[in-house]
Number of protein chains: 2
Amino acid sequence: MKKEIENKYTEPSDCPVRNVLDRIGDKWSMLVLLLLEEKGLLRFNEIDKHIVSISQKMLSVTLKGLEADGLVKRTIYPQVPPKVEYELTELGQSLIPHLNTLVGWAKANMQKIETSRLQYQN
Amino acid sequence: MKKEIENKYTEPSDCPVRNVLDRIGDKWSMLVLLLLEEKGLLRFNEIDKHIVSISQKMLSVTLKGLEADGLVKRTIYPQVPPKVEYELTELGQSLIPHLNTLVGWAKANMQKIETSRLQYQN
DNA sequence: CTGGATCCCTAGTGATACTG
DNA sequence: CAGTATCACTAGGGATCCAG
């Protein structure tokens, strides 16, 4: 049953909030983006080693999504064994500063949040 | 099977990326935070009307989480029928600017992303 | 090496009904 | 009004195996 009122906090496909959450809201995308920013150019296996406990499948899925969105550029070297490198696109680069301010906020406040959560009795 | 290497991109509980994603990475939290920022002080039903298609359950769950994290303050007025008001805490307020830069980025680039995604042939 | 394909399990979400 | 309880469904994610 749809509600009738529509405003900018609705979630049609053009909602900016949904749009940004679709890109960084999942479990791994933000980590991958920040890693690529830091390291610059990485092979599949290198990312896998840096991001502990990500599975090959999820790394593959995540990179595919980021590539489809134009945030990450994928370069295949036609050789055996195959070699594929990933790097941020300009668009991807442009997102990084905003992610970093978020991370900065998190670093500065995670202690407060943790404390609050411990005191919160349900 | 745990991998052995650990660095800052791992996801222990003190990872800032995980920390921030846990707060805004879900489907509704960011929308609620931005709405409370805009409107200032809202009752349960008012939030429900503004955020189209959220269910009572998810609104309840979302607000509970935000309250537990100390981002939202909940005030109960002991009367019949009950009246409960929600507003951002100082901590919640401090997060808003970073969310807005993200939203700004999304607004500015969602068209590019959309185009990229359409061209991406799997 | 870089993935794809498959199976499976759980966490998140939604619908509905109910309550103080 | 402001939730809770219950059920049921799905998408996200992990493990494992297979392939160019």
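Model, not experiment: these values are computed from the prediction. In what follows, chains are A, B, ... by sequence order, proteins preceding strands, each numbered from 1.
The side-chain contact (heavy atoms from CB on, under 4.5 Å) test applied to Q111(B) returns E114(B), T115(B), not counting sequence neighbours. Every residue two or more places apart in sequence or in another chain that forms a side-chain contact (heavy atoms from CB on, under 4.5 Å) with Q79(A) is listed here: Y77(A), K83(A). Residues satisfying the side-chain contact (heavy atoms from CB on, under 4.5 Å) test with L36(B), not counting sequence neighbours, are V32(B), L42(B), I47(B), V72(B), Y86(B), L88(B). Under the side-chain hydrogen bond (donor to acceptor under 3.5 Å, both in side chains) criterion, D26(B) pairs with S29(B), not counting sequence neighbours. Remark: E37(A) pairs with no residue by the side-chain hydrogen bond (donor to acceptor under 3.5 Å, both in side chains) rule, at least two apart or across chains.
With hydrogens and angles ignored, the 3.5 Å screen pairs a side-chain donor or acceptor of R18(A) with a backbone N or O of K27(B).
Taking side-chain N and O atoms only, R43(B) has no distance below 4.0 Å to OP1 or OP2 of dC1(D). Considering only side-chain N and O atoms, S60(B) lies nowhere under 4.0 angstrom from the phosphate OP1 or OP2 of dA2(D). One finds no side-chain N or O of Y86(B) lying less than 4.0 angstrom from the OP1 or OP2 phosphate oxygen of dC1(D).
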List the atom pairs, donor and acceptor, that lie under 3.5 Å between side-chain atoms in residues 92-99 of chain B and the rest of the protein, sequence neighbours left out.
unit_1, atom_1, unit_2, atom_2, d
S94(B), OG, W105(A), NE1, 2.9
S94(B), OG, L91(B), O, 2.5
H98(B), ND1, S94(B), O, 3.4

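Bending across the helix from dC1(C)-dG20(D) to dG20(C)-dC1(D), expressed as the angle between its end axes from five pairs apiece, amounts to 50° (10° rounding).
One atom, CG of L59(B), and another, P of dG3(D), lie 8 Å apart when rounded to the nearest Å. When the C1' atom of dC17(D) is taken as reference, atom CD of Q56(A) falls 11 Å away, rounded to whole Å. Rounded to whole angstrom, the span from the CG atom of L63(B) across to the P atom of dC1(D) amounts to 16 Å. Atom CD in E46(A) sits roughly 13 Å away from atom P in dG3(C) (whole-Å rounding). K64(B) has its NZ atom 9 Å from the C1' atom of dG3(D), to the nearest Å.
Distance check: L63(A) CG to M58(A) CE gives 10.5 Å after rounding to the nearest 0.5 Å. Distance check: E67(B) CD to T62(B) OG1 gives 12.5 Å after rounding to the nearest 0.5 Å.
Residue N45(A) has its side chain nearest to dT2(C) when only dG4(C), dA2(D), dT2(C) are considered.
A heavy atom closer than 4.0 Å to some atom of DNA chain D occurs in R74(B), P81(B), P82(B), K83(B), V84(B), these being the qualifying members of residues 70-85 of chain B.
By the 4.5 Å heavy-atom criterion applied to side chains, E46(B) and K39(B) are not counted as neighbours. Using a 4.5 Å heavy-atom threshold, the side chains of I24(B) and L102(A) count as touching.
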Any protein N or O atoms within reach of nucleotides 6-13 of chain D? Criterion: under 3.5 Å, listing atom names and distances.
unit_1, atom_1, unit_2, atom_2, d
dG13(D), OP1, K27(A), N, 3.1
dG13(D), N7, K57(A), NZ, 3.4

